[in-house]
Amino acid sequence: QAKAVGRNNLRCFDPAIQHDKHRRQALRAWMRDAIAKQELHLVFQPMITLETGLATEFEALLRWRQPVLGDIGPAEFIPIAEESGQIVAIGAWVLDQACRAAANWPATFTVTVNLSPMQLVPSIVDTVANALQQSRLAPERLTLEITETVLLENSASNLTTLHTLRAMGVRIVLDDFGVGFASLSYLQQFPFDKIKIDRSFVGDLERRRDSQSIVKAVILLADDMGMDTTAEGVETSGQLSWLRQAGCGQVQGFLLGRPMSAEDLPGYLLSYLASEGAGEVKVDAVK
Ligand code: C2E
Ligand code: MG
Ligand code: MG
Ligand code: MG
């Protein structure tokens with residue numbers, strides 16, 4: 001007990017930790033008005049199907065332009081939003097904006113939204129239904145990404161919610177597979193449409209034989225269970241050709257396309273339609 005108090009006292013005098021604490025407190029307070037003040041926006045990153053070289057799916061990623069501190073990344077502010085419960089309102093806003101954006105794209109393109117574990121409560125079904133209804137986006141054009149944490153707690157209720165969403169026509173993808181509390185038994189709990197292989201494995205593909213083994217095994221496993229795979233964080237052509245050889249279905253990463261703003265995307269997609277006539281984006285790096 002005394003030791004714990006002593007440590008707490010020490011913490012208060014450590015300027016770096018104190019600075020972090022103040023920053024978190026400030027972010028948490030500022031976040032309350034971030035939607036109303038229009039400081040949040042979405043960017044969209046393409047995923048490319050290796051067989052065709054075409055991008056038809058875009059992942060919505062949240063951005064916060066804070067007037068005092070500048071751009072703050074989701075890796076920093078999403079955990080704070082989860083802690084304070086603000087993720088529920090922010091997540092609903094993300095769903096709404098993502099569906100509205102995608103409704104402006106040609107119908108061959110679909111949108112993918114990340115769901116925080118805290119959002120996966122029964123009311124998410126209404127939130128998703130509302131976002132689809134308001135935007136008039138077909139449910140088949142919406143994919144939700146969740147992490148295995150969702151299956152860790154309150155599992156029975158969460159599974160029911162996932163099945164309800166799936167029955168609406170929305171696709172469900174397991175994000176960041178292989179890190180955190182991942183266990184293969186989660187794959188038996190819910191029939192995911194797709195597994196995203198975490199970028200930590202992808203980044204090591206050219207350096208580590210064991211990362212290659214893991215990625216190969218995940219691709220085979222997913223394929224055998226009737227699921228698709230996306231490798232995230234593809235940055236080099238070496239990684240890309242390795243993934244192609246290993247039979248990975250889809251790739252996403254800075255090599256293939258950076259996240260783009262909602263304003264730029266419709267024009268970009270339409271100019272592709274005009275030049276290719278195929279109705280899909282062709283990404284040169286894949287060829
Ligand atoms: P994620 O869902 O795994 O998203 C992929 C992250 O990897 C994105 O970071 C993306 O910009 C980044 N990325 C993509 N390609 C590359 C690459 O080639 N190299 C590297 N180094 N990074 C790449 P971002 O946008 O900073 O998002 C980080 C995480 O924050 C996301 O990971 C997701 O878990 C969370 N997040 C983002 N937007 C939302 C949201 O709207 N709601 C929720 N709940 N979480 C979100
Ligand atoms: Mg994701
Ligand atoms: Mg991911
Ligand atoms: Mg990730």
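No hydrogens, no waters, no symmetry mates; every other heavy atom, side chains included, goes into these values. One-based numbering, in listed order, for ligands and for the atoms of each.
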Proximal atoms of ligand 1 relative to [X] (non-hydrogen, under 4.0 Å):
X	answer
Gly253	15 (N), 18 (O)
Asp176	3 (O)
Glu59	2 (O), 4 (O)
Ser116	44 (N)
Pro74	24 (P), 25 (O), 26 (O), 27 (O), 28 (C), 30 (O), 36 (N), 37 (C)
Glu235	17 (C), 18 (O), 19 (N), 20 (C), 21 (N)

Worksheet item: Phe201 and Val218: side chain to side chain contact (heavy atoms under 4.5 Å, CB included), yes or no, with the steps?
Response: CA-CA 11 Å; Phe201 301 112; Val218 173; over 6 Å; no

Quick one: are [X] and [Y] in side-chain contact, heavy atoms under 4.5 Å?
X	Y	result
Leu174	Glu148	yes
Gln45	Gln252	yes
Trp242	Lys216	yes
Pro139	Arg166	no
Val170	Leu132	yes

Record the part of [X] in heavy-atom contact with ligand 1 below 4.0 Å; permitted values are side chain, backbone, both and neither.
X	value
Asn114	both
Val94	side chain
Asp175	side chain
Gln45	side chain
Leu42	neither

Worksheet item: Are Phe177 and Leu159 co-members of a hydrophobic cluster defined by side-chain heavy atoms under 4.5 Å apart?
Response: yes

Worksheet item: Taking a hydrophobic cluster as the set of Ile, Leu, Val, Met, Phe, Trp and Tyr residues connected by side-chain heavy atoms closer than 4.5 Å, whether directly or through intermediates, do Val121 and Leu165 fall within one such cluster?
Response: no

Consider ligand 1: state whether an atom of it lies below 4.0 angstrom from any non-hydrogen atom of [X].
X	value
Gly91	no
Glu82	no
Arg63	yes

Worksheet item: So is there a nitrogen or oxygen of Leu62 less than 3.5 Å from a nitrogen or oxygen in ligand 1?
Response: yes

Worksheet item: So does Thr112 have any N/O/S atom less than 2.8 Å away from the Mg ion (ligand 2)?
Response: no

Worksheet item: Is any N, O or S atom of Asp176 under 2.8 Å away from the Mg ion (ligand 2)?
Response: no

Worksheet item: Roughly, to 10 degrees, what angle do Asn114 atom OD1 and Glu145 atom OE1 form around the Mg ion (ligand 2)?
Response: 90°

Worksheet item: Should Val111 and Arg141 be marked as a side chain to side chain contact (heavy atoms under 4.5 Å, CB included) after you check the CA-CA gap, both sets of side-chain angles, and the distance that decides it?
Response: CA-CA 6 Å; Val111 72; Arg141 293 179 63 200; over 6 Å; no

Discussion item. Only N/O/S atoms count here: what is the atom of Glu232 closest to the Mg ion (ligand 3) called?
Written reply: OE1

Discussion item. Please name the atom of Asp175, limited to N, O or S, that comes nearest to the Mg ion (ligand 2).
Written reply: OD2

Fill in: Atom of Glu59 nearest the Mg ion (ligand 2) (restricted to N/O/S, atom name only)
OE2

Item to complete: Please determine, by modelled atom types, if Thr230 and Gln250 share a side-chain donor-acceptor pair under 3.5 angstrom.
Response: yes

Item to complete: Could you please spell out the steps behind the side chain to side chain contact (heavy atoms under 4.5 Å, CB included) verdict for Leu255 and Gln239?
Response: CA-CA 10 Å; Leu255 176 71; Gln239 291 162 359; over 6 Å; no

Worksheet entry | Option passing side-chain contact (heavy atoms from CB on, under 4.5 Å) with Leu144 (candidates Val128, Leu120, Val173) | Val128

Discussion item. With a 4.0 Å cut-off on N to O distance, would you call Asp20 and Arg23 a salt bridge?
Written reply: no

Response to the item:
Among Gln97, Glu232, Arg258, Arg199, the residue with a heavy atom nearest to atom 7 (O) of ligand 1 is Arg199

